[in-house]
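A short write-up of the structure that comes next.
Letters go in sequence order (proteins before strands), and every chain restarts at 1. What you see is a predicted model, and the numbers here were worked out from it, not measured in a lab.
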Amino acid sequence: MQIAVSGGKGGTGKSTVATNLAVALRKIGVRLTLADLDVEAPNDHILLGVELANEEPVNQFMPRFDYSKCTKCRKCAEVCEEHAIVTLKDGTPFLMPTLCSGCRACEIVCPVPGAIQEAFRVIGHTYVTPTPYGFTLVTGKLREGEERSMPLVVAAKKRAEEVREGLLMVDTAAGTGNTVSKAVEGSKLLIAVTEPTPLGIHDTELILQLGKLMKIPTWVVVNRSDLGDVGKVRELAEKYGAEIVAEIPYSENIVKSYVEGKPIALTDYPEAEIFKGLAERVAEFLGGGA
Amino acid sequence: MQVAIASGKGGVGKSTITASLLYLLKDDYSFVAVDADAEAPNLGLLLGVTEWEEEREHIGAKIARINTESCVRCGICYERCPYGCIYIDDEGNYVVNELTCEGCNVCGLVCPVAGTITLEEVRSGVIRKATTKYGFPLISAQLDVGRPESGKLVTEEKEWAAKLMKELNLEHMIVDSAAGIGCQVIASLGGADVAILIAEPTPASLSDVQRAYKVVQHFREPAYLIINKADINPGFTGLEEWAEKEGIPILGRIPYDRAVPESMSMLKPVVEAFPEAKASKAIVEIAEVIKREILG
């Protein structure tokens, strides 16, 4: 089974909730793998205080033109939805690598066998990192300067599925674009982390819309719950048939554990109880089906 | 001049600081503000915008659709989709997941039955314009849920903003970019004259701002750093050390201050809502440095 932690707005505490929930779930005996699919800004390893390990490059196809065979028919350029292939006046094609999404449409339409050859470039990496908490962390990391995060999300999720043990928990990027829906896809439960400020509420509505469109039961965790009006989050949750399952007040202890890379779920602080409670609810939801 | 504000990591205070800076710069400079976080636009909220004067739909995202009637269920599209966006529904039909499709048209190209898979243009979101109560215009965008390529929306926002600059004879464009380092951020930073990076003294924020800086370096733009919530992690010197090593000037440090979330709840820049707050005083100082060092 798969569940997702997401939240619309950046910085609401998605990674804090994902890492601590993972630790708390493991503590009550749930086997799981955590996948950090925020490939533009992956931070779960930092919060867990581990160094990324078992690096694998994500190679993305890009066309290499064999100009001795190319008939300059321009079909490759015409079919490229990313406009990554430009042609000279006489039809000679050139590739702008960072725009290429690696979809192979050019290769499919090229009428001359061998005129488009396979080349690859590394657009990022995936990692499989053992943690001292009894679960494995899988991370996707987009290379700086690369525009498209979708192929990295797909590659990291695939690697997570290959190595997963038990439950797969995904931590998504901010926003509600299609890379977030790709990360969330296949989840039986969506946990939306929000904060009760007007900005948090605005962005939470978008992630609740996404949950509804994807027909995934959605829970809301209100982070920094004393820094705004939880009533407004409650109204919004009700509108989308979501349920508020935890409220986490602003806490110096959480900030401290966050900056030290030590999950608060492992401490004796009262905040650890909140994650324990959340983990128990998730475990109950899973019904041993993980 | 075009100034882009980026952070890599979300939630470090980029939009709240931007809103305050815009408020402090409005009397001395003419500019258009651009909220380039098309997936979670918040600058309008922080500037008290409740109504938009003009709204343009952005049609341009492409989504593949499969005609179930003529589909022979060969499964080639399913096998060839580079992003795994085609699934088989309960009735055994091949269906495109419209919330994850990238619009590359590979499925359409490999489909053996002509006309069965079509690439359709759909709305990817809206771009809006408002004149804020502070007098300067704001351009903001909102990507529709589950749509690809928010970067294209940002590029179009900036084109609109550039047109406004000409029409209204404005000096500057100030762009509040999204979190991350992907297409939205690249579109935000591309063409900027200066990048202002915002980070908080945590290892996660350091890691993300370093990645954002690498993107800035691609564009060879001069960069500056603002350290927000500067006192939440005493003893953490990573940001300063990194800035010094890279030769990135630090524009200032803003202490953690509950006045900031309070002002957010009031939908006002903190410097307007609580001018005496310690965060506000720090931002005022930073605005002075920006006037002197960057905007001239």
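When the shell of 6.0 Å around CZ of B:Phe219 is examined, it contains more than 12 heavy atoms from other residues, nucleotides or ligands. Other residues, nucleotides and ligands contribute over 12 non-hydrogen atoms within 6.0 Å of the CD atom of A:Glu118.
Contacts of A:Val153 with chain B are absent, with no heavy-atom separation under 4.5 Å from either backbone or side chain. In this structure, the portion of A:Leu47 lying under 4.5 Å from any heavy atom of chain B is its side chain and not its backbone. Of the two parts of B:Leu189, neither the backbone nor the side chain holds a non-hydrogen atom closer than 4.5 Å to a non-hydrogen atom of chain A. Proximity to chain B (any heavy atom under 4.5 Å) is shown, for A:Phe61, by neither the backbone nor the side chain. Heavy atoms of A:Arg143 lying under 4.5 Å from chain B belong exclusively to its backbone. When heavy atoms are compared at a cutoff of 4.5 Å, A:Ala105 approaches chain B by way of both its backbone and its side chain. B:Asp37 does not touch chain A: none of its heavy atoms, backbone or side chain, sits under 4.5 Å away. Residue A:Asn43 touches chain B through its side chain alone, counting heavy-atom pairs closer than 4.5 Å. Residue contact with chain B, scored on non-hydrogen atoms closer than 4.5 Å, involves the side chain of A:Glu185 exclusively. Of the two parts of A:Lys232, neither the backbone nor the side chain holds a non-hydrogen atom closer than 4.5 Å to a non-hydrogen atom of chain B. Looking at B:Ser150, there are no atoms closer than 4.5 Å to chain A (heavy atoms on both sides), in backbone or side chain.
With chain B as the partner, the residue from A:Ser101, A:Ala155, A:Pro198 showing the most heavy-atom pairs under 4.5 Å is A:Pro198. Of the listed residues (B:Ser265, B:Gly10, B:Ala204, B:Gly103), the greatest number of heavy-atom pairs within a distance under 4.5 Å of chain A belongs to B:Ala204. When each of A:Leu227, A:Ile207, A:Thr197, A:Ile201 is checked for heavy-atom pairs under 4.5 Å with chain B, A:Leu227 comes out on top. The greatest number of non-hydrogen atom pairs below 4.5 Å with chain A, out of B:Ala179, B:Cys81, B:Pro203, B:Gly125, is found for B:Pro203. No other option in B:Lys152, B:Glu200, B:Gln142 has as many heavy-atom pairs under 4.5 Å with chain A as B:Gln142. Here A:Arg148 is the residue among A:Arg148, A:Arg224, A:Lys158, A:Lys157 with the most heavy-atom pairs under 4.5 Å with chain B. The choice from A:Pro151, A:Gly228, A:Ser149, A:Gly8 that makes the most heavy-atom pairs within less than 4.5 Å of chain B is A:Pro151. For the set A:Asp44, A:Val79, A:Leu142, the entry with the most heavy-atom pairs within less than 4.5 Å of chain B is A:Leu142.
Here the shortest heavy-atom pairing between B:Val106 and A:Cys103 reads CG2-O, 2.9 Å. Between A:Glu40 and B:Ile181 the shortest heavy-atom distance is OE1-N, 2.7 Å. Nearest heavy atom pair, residue B:Ala40 against residue A:Asp203, reads CB-OD2, 3.4 Å. Minimum heavy-atom separation, B:Leu143 to A:Gly177: CD2-CA, 3.7 Å. Nearest approach of A:Val154 to B:Pro82, heavy atoms of both residues: CG1-O, 4.4 Å. Scanning all heavy atoms of the two residues, the minimum distance from A:Leu206 to B:Glu39 falls at CD1-O, 3.6 Å.
Rounded to the nearest 0.5 Å, atoms SG (B:Cys104) and CD1 (A:Ile108) are 8.0 Å apart. Separating the CD atom in A:Glu107 from the CG atom in B:Leu109 is a distance of 11.5 Å, to the nearest 0.5 Å. Distance CG/B:Leu267 to CG/A:Leu199: 7.0 Å, rounded to 0.5 Å. Interatomic distance, A:Asn178 CG to B:Asp144 CG, rounded to the nearest 0.5 Å: 12.0 Å.
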Evaluation steps, side-chain contact (heavy atoms from CB on, under 4.5 Å), between A:Glu195 and B:Met264: CA-CA 12 Å; A:Glu195 53 183 27; B:Met264 274 164 70; 4.3 Å; yes

Residue pair A:Ile46, B:Ser207: steps toward the side-chain contact (heavy atoms from CB on, under 4.5 Å) verdict: CA-CA 9 Å; A:Ile46 299 174; B:Ser207 166; 3.5 Å; yes

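Applying the side chain to side chain contact (heavy atoms under 4.5 Å, CB included) rule to B:Glu246 yields the partners B:Tyr213, B:Gln217, B:Trp242, B:Ile248; only residues at least two apart in sequence or on another chain are considered.
Contacts from residues 227-235 of chain B to chain A, taken as heavy-atom pairs separated by less than 4.5 Å, involve B:Ile232, B:Asn233 in sequence order. Residues of residues 252-262 of chain A having a heavy atom under 4.5 Å from any heavy atom of chain B, listed by number: A:Val255, A:Tyr258, A:Val259.
Proximity of a side-chain donor or acceptor of A:Lys182 to a complementary backbone N or O of B:Tyr83 within less than 3.5 Å is detected. Panel note: side chain A:Glu144, backbone B:Arg211; no donor-acceptor pair is recorded below 3.5 Å. In this structure a side-chain-to-backbone donor-acceptor pair under 3.5 Å is present from A:Ser181 to B:Leu99. Not a single donor-acceptor pair under 3.5 Å links the side chain of A:Glu147 to the backbone N or O of B:Gly182. Proximity of a side-chain donor or acceptor of A:Lys9 to a complementary backbone N or O of B:Asn42 within less than 3.5 Å is not detected.
Pairs passing the salt bridge (charged side-chain N to carboxylate O under 4.0 Å, His left out) check and including a residue from residues 6-17 of chain B, sequence neighbours excluded, read B:Lys14-B:Asp176.
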